There are 2 protein chains.
Amino acid sequence: MTIRPSHYFQLLSDETRLRCLLLMQQEGELCVCELTHALGVIQPKVSRHLAALRDAGLVMDRRQGQWIYYRLHPGLPEWISQVIATTTGGVLEQAPFANDRAALAAMPNRPGSACCA
Amino acid sequence: MTIRPSHYFQLLSDETRLRCLLLMQQEGELCVCELTHALGVIQPKVSRHLAALRDAGLVMDRRQGQWIYYRLHPGLPEWISQVIATTTGGVLEQAPFANDRAALAAMPNRPGSACCA
DNA sequence: CCGAAATATACGGAAAAACATATATACAGT
DNA sequence: ACTGTATATATGTTTTTCCGTATATTTCGG
């Protein structure tokens, strides 16, 4: 079951999914609560879109304790990796993408960066 | 009215539109009858999708006699031009894109290449 | 002016996507 | 075992997208 090019673009065509993907491209791994906070959308909405990305093989997930971390799938075809990277570079400073990054940076109690040094 | 990045991807997410765009990327200008023949789809379908691309500013059209030629819009944002170019490079040899190119090359009586030398 | 070819649009219906709300599952700490 | 937190999924609905057919518009050749 190979994914058709148009299907990749269909996945990028929803703003919530695109914001998640570009944030992962910039930050590496992110858990659902980080994405939910950064984008300012309700959790089921984020989960639903992440499931679509996972089912298509665009992202991988990894459970760590209560959290599930998502990242871009390392085995993507070269061209689609490039498309995501190019898009990130092109829209980085625009809304809502710049705001997502800022909101993530301002998030308190992020799971990865523990309180204990 | 600036186009949102996700909207660009929405336009690329339909296979008919994507095939038209990639063929234009490779061939330069193409008229509707060439696209109709190359893709093997009915004319109103091609016209409808070309109208969507034109309304979004992704392509330009130019009337020459009875024919209307479409090409990628020269003033596109750099990142989306790169996305289209990268995609072309990545999927060039796959179906249905390779077949579209072949069907176009095999088309008799193409308007541009006149019968008279 | 008339017919034919190229292209565009209008229309009604079918299929797909996205949504919010509600609920289920998994894990952590007690 | 119980509670709270994180995440996933199910459900019913609304919105969007896509389609084929039919028709309109433009242009050319006569």
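Residue numbering restarts at 1 for every chain, and letters A, B, ... go by the order of the sequence lines. All of these numbers come straight from a predicted model, not from anything done at the bench.
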Quick one: which of [options] gets closest to the side chain of [X]?
X	options	answer
A:Thr16	C:dA18, C:dC19, D:dT17	C:dC19
A:Trp67	D:dC19, D:dA22, D:dA6	D:dA6
B:Ala51	C:dT9, C:dA18, D:dT9	C:dT9
A:Ile68	D:dT7, C:dC19, C:dT21	D:dT7

Rounded to the Å, how far apart are [X] [atom1] and [N] [atom2]?
X	N	atom1	atom2	value
A:Gln10	D:dC18	CD	C1'	13 Å
A:Phe9	D:dT17	CZ	P	18 Å
A:Asp55	D:dT9	CG	P	8 Å
B:Leu35	C:dA8	CG	C1'	15 Å
B:Lys45	D:dC18	NZ	C1'	8 Å
B:Leu39	C:dT7	CG	P	13 Å
B:Tyr69	D:dT27	OH	C1'	14 Å
A:Gln43	D:dT7	CD	C1'	5 Å

- Query: Which part of the nucleic acid, if any, lies within contact of B:Tyr70, taking any heavy atom under 4.0 Å across all strands shown: a base, the sugar-phosphate backbone alone, or nothing?
  - Reply: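 Sugar-phosphate, no base atom in range.
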- Message: Just to be sure I understand the rule, does A:Arg63 reach a base, reach only the sugar-phosphate, or reach nothing, if contact means heavy atoms closer than 4.0 Å?
- Response: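 Touches sugar-phosphate only.
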- Find out whether A:Leu58 and A:Ile84 are in side-chain contact, i.e. whether some heavy atom of one side chain is under 4.5 Å from a heavy atom of the other.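 The answer is yes, as the side chains (C-beta and beyond) meet within the 4.5 Å cut-off.
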- Query: Are there more than 12 heavy atoms of other residues, nucleotides or ligands under 6.0 Å from atom CZ of B:Arg4?
  - Reply: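 Count not over threshold, so no.
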- Tell whether A:Gln66 reaches the base of C:dA26 with its side chain through a donor-acceptor pair below 3.5 angstrom.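 Counting by modelled atom types and ignoring angles, no donor-acceptor contact under 3.5 Å is found here.
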- Message: Rounded to the nearest 0.5 Å, what separates atom CG in B:Leu18 from atom OG in A:Ser6?
- Response: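 Between atom CG of B:Leu18 and atom OG of A:Ser6 there are 6.5 Å.
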- What distance do B:Arg19 atom CZ and B:Leu35 atom CG have between them, rounded to the nearest 0.5 Å?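 That separation rounds to 10.5 Å.
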- Message: Let me spell it out: for each of B:Arg17 and A:Asp61, pick the nucleotide of DNA chain D with the closest heavy atom. Which residue's pick is nearer the 5' end?
- Response: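 So the residue in question is A:Asp61.
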- Item | Short side-chain N/O contact from B:His49 to OP1 or OP2 of D:dT17, under 4.0 Å |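 Looking at the OP1 and OP2 atoms of D:dT17, neither is under 4.0 Å from any side-chain N or O of B:His49.
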- Message: Is the phosphate of C:dC19 approached by A:Arg48 (side-chain N or O, under 4.0 Å from OP1 or OP2)?
- Response: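 Yes, A:Arg48 has a side-chain N/O under 4.0 Å of OP1/OP2 on C:dC19.
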- Toward the 5' end of DNA chain C, by each residue's nearest nucleotide, B:Glu34 or A:Ile42: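 Taking each residue's closest nucleotide, the earlier one in sequence belongs to B:Glu34.
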- Would you call the rings of B:Trp79 and B:Phe9 parallel, tilted or perpendicular if under 30° counts as parallel and over 60° as perpendicular?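 Geometry flag for B:Phe9 against B:Trp79: tilted rings.
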